[in-house]
Protein chains: 2
Amino acid sequence: MLRVRLKQSLADRGYRLTRQRAAILEVLAGTREHLTAEEVHRRVRFLCPELNLTTVYRNLNLMARQKIIGRVDFGDGRARFEARSDHHHHLFCLGCGRVIEIPACPVSIDEVFVRQHSFRITEHQFEAYGYCADCDRPGSEGAPV
Amino acid sequence: MLRVRLKQSLADRGYRLTRQRAAILEVLAGTREHLTAEEVHRRVRFLCPELNLTTVYRNLNLMARQKIIGRVDFGDGRARFEARSDHHHHLFCLGCGRVIEIPACPVSIDEVFVRQHSFRITEHQFEAYGYCADCDRPGSEGAPV
DNA sequence: ATTTAGATGCAAATGATTTGCATATATACC
DNA sequence: GGTATATATGCAAATCATTTGCATCTAAAT
Ligand SMILES: [Mn+2]
Ligand SMILES: [Mn+2]
Ligand SMILES: [Zn+2]
Ligand SMILES: [Zn+2]
């Protein structure tokens with residue numbers, strides 16, 4: 001089960017499985033959405049009311065750094081987190097914030113060019129922006145999610 | 001000449017060509033570097049010492065919005081600006097901050113997939129991260145640029 | 001030269017994220 | 001199960017890039 005695996009991965013790396021961490025993972029594992037720290041905090045309060053936003057930040061950072069969860073940046077000034085931690089990309093709707101996962105990595109860089117510059121690529125980020133079906137028809141901007 | 005064209009494009013769109021704006025464009029047109037607002041401000045002071053950082057921000061934003069200049073986000077929390085405004089991408093060295101421009105857009109999204117979701121893509125962003133030749137050899141992290 | 005919408009400078013506000021530090025608590029060990 | 005201690009948490013305050021309010025200035029149209 002996803003949430004068991006996520007929690008286990010904390011222990012595997014020598015981190016304590018606190019009530020707070022369990023609750024955060026519970027929230028992320030329970031949705032396919034891409035949540036800001038603030039959103040995680042709001043949802044996690046039902047499971048663990050005393051949980052502080054600072055702790056949410058500290059743990060989302062820790063888990064993302066450990067690649068237990070994923071972090072995405074849609075360029076709107078706040079990071080989003082998701083249960084998936086494998087390499088993938090998204091379509092982001094500028095109208096309502098909807099996120100669609102792209103099945104295959106659409107990037108292929110000219111290897112010759114990179115080798116010419118002796119540059120060793122370790123990672124990349126790609127996100128596409130536009131309007132989903134709901135937001136694209138004129139007059140409807142879609143309710144901001 | 002590049003700087004003349006950039007300045008002209010301000011006038012073309014009904015914006016005033018102020019001493020401050022001319023100086024900012026002068027700085028950007030004079031380099032191929034990708035500068036933060038702070039860096040633009042530091043360099044522009046030689047041409048226009050009273051120029052305020054707020055004004056630098058306001059004008060870089062204006063010009064980027066008008067696609068007179070380019071804006072890039074390397075995910076380190078501050079925007080970079082450059083004289084180029086055409087669609088292109090970069091390699092960003094995590095060791096020294098060096099930026100290498102990628103000649104061709106390496107992105108091709110599965111059109112069938114996008115059509116299935118009735119998503120209309122208006123733009124995308126892609127940046128690759130890693131280590132340049134100078135920073136890749138062990139022991140040398142390269143001087144931060 | 002006059003006029004005035006648009007631009008600038010300065011100070012203060014934002015807003016997401018981080019940090020310092022005293023207190024609390026998982027987990028290892030007996 | 002009880003105890004020790006390295007870790008984690010809560011709260012308040014700090015960061016830091018960027019934005020905003022407002023009084024003053026100025027480019028450029030007349
Ligand atoms: Mn995703
Ligand atoms: Mn560039
Ligand atoms: Zn990819
Ligand atoms: Zn591209």
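Note that these values count all heavy atoms, side chains included, but never hydrogens, waters or copies made by symmetry.
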Under 4.0 Å, counting only non-hydrogen atoms across every strand here, what does B:E50 touch: a base, just sugar-phosphate, or nothing? sugar-phosphate

Do any side-chain nitrogens or oxygens of [X] fall under 4.0 Å of OP1 or OP2 in [N]?
X: A:T54; N: D:dG10; value: no
X: A:T55; N: D:dA8; value: no
X: B:Q20; N: D:dA27; value: no
X: A:N52; N: D:dA8; value: no
X: A:T18; N: D:dT9; value: yes

5'-most by nearest nucleotide on DNA chain D - B:Y57 or B:A11: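 The residue closer to the strand's 5' end, by nearest nucleotide, is B:Y57.
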
Map B:N61 and A:R19 onto DNA chain D by nearest heavy atom, then report which one ends up closer to the 5' terminus.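 Checking each residue's closest nucleotide, the 5'-ward one belongs to A:R19.
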
Of the options D:dT9, C:dA7, D:dT18, whose atoms approach the side-chain atoms of B:R78 most closely? D:dT18

Measure from the side chain of A:N59, starting at C-beta and using heavy atoms only, and say which of D:dT9, C:dT17, C:dT8 lies closest.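 Minimum distance to the A:N59 side chain belongs to D:dT9.
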
Could you tell me how far apart [X] ([atom1]) and [N] ([atom2]) are, to the nearest whole angstrom?
X: B:Y15; N: D:dA27; atom1: OH; atom2: P; value: 18 Å
X: A:R71; N: C:dA16; atom1: CZ; atom2: P; value: 15 Å
X: B:D76; N: D:dT18; atom1: CG; atom2: C1'; value: 14 Å
X: B:L62; N: D:dT18; atom1: CG; atom2: C1'; value: 16 Å
X: B:L60; N: C:dA7; atom1: CG; atom2: P; value: 15 Å
X: B:R13; N: D:dA28; atom1: CZ; atom2: P; value: 16 Å
X: B:L17; N: C:dG6; atom1: CG; atom2: P; value: 17 Å

Show me the dot-bracket string of DNA chain D, counting Watson-Crick or G-U pairs under 3.5 Å, with | for pairs to another strand and [ ] for crossing ones. ||||||||||||||||||||||||||||||

With a 4.5 Å heavy-atom cut-off, do A:L25 and A:I69 have their side chains touching?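 Answer yes - side chains close enough.
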
Could you tell me whether [X] and [Y] make a salt bridge, using a distance below 4.0 angstrom between a side-chain N and a carboxylate O?
X: B:E26; Y: B:R3; result: yes
X: A:D73; Y: A:R71; result: no
X: B:E33; Y: B:R80; result: no
X: B:R84; Y: B:E101; result: yes

Pair A:H34, A:E39: side-chain N/O donor-acceptor within cut-off below 3.5 Å: no

Between B:H124 and B:H87, is there a side-chain donor-acceptor contact under 3.5 Å, judged purely by atom types and distance?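 Indeed, the side chains of B:H87 and B:H124 share at least one donor-acceptor pair under 3.5 Å.
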
Hey, does the side-chain of B:R58 have a donor or acceptor N/O within less than 3.5 Å of a partner on the base of C:dG9? yes

Is it the case that C:dT27 (base atoms only) and A:R16 (side chain only) share a donor and an acceptor within less than 3.5 Å, ignoring hydrogens and angles?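 No, no donor-acceptor pair under 3.5 Å.
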
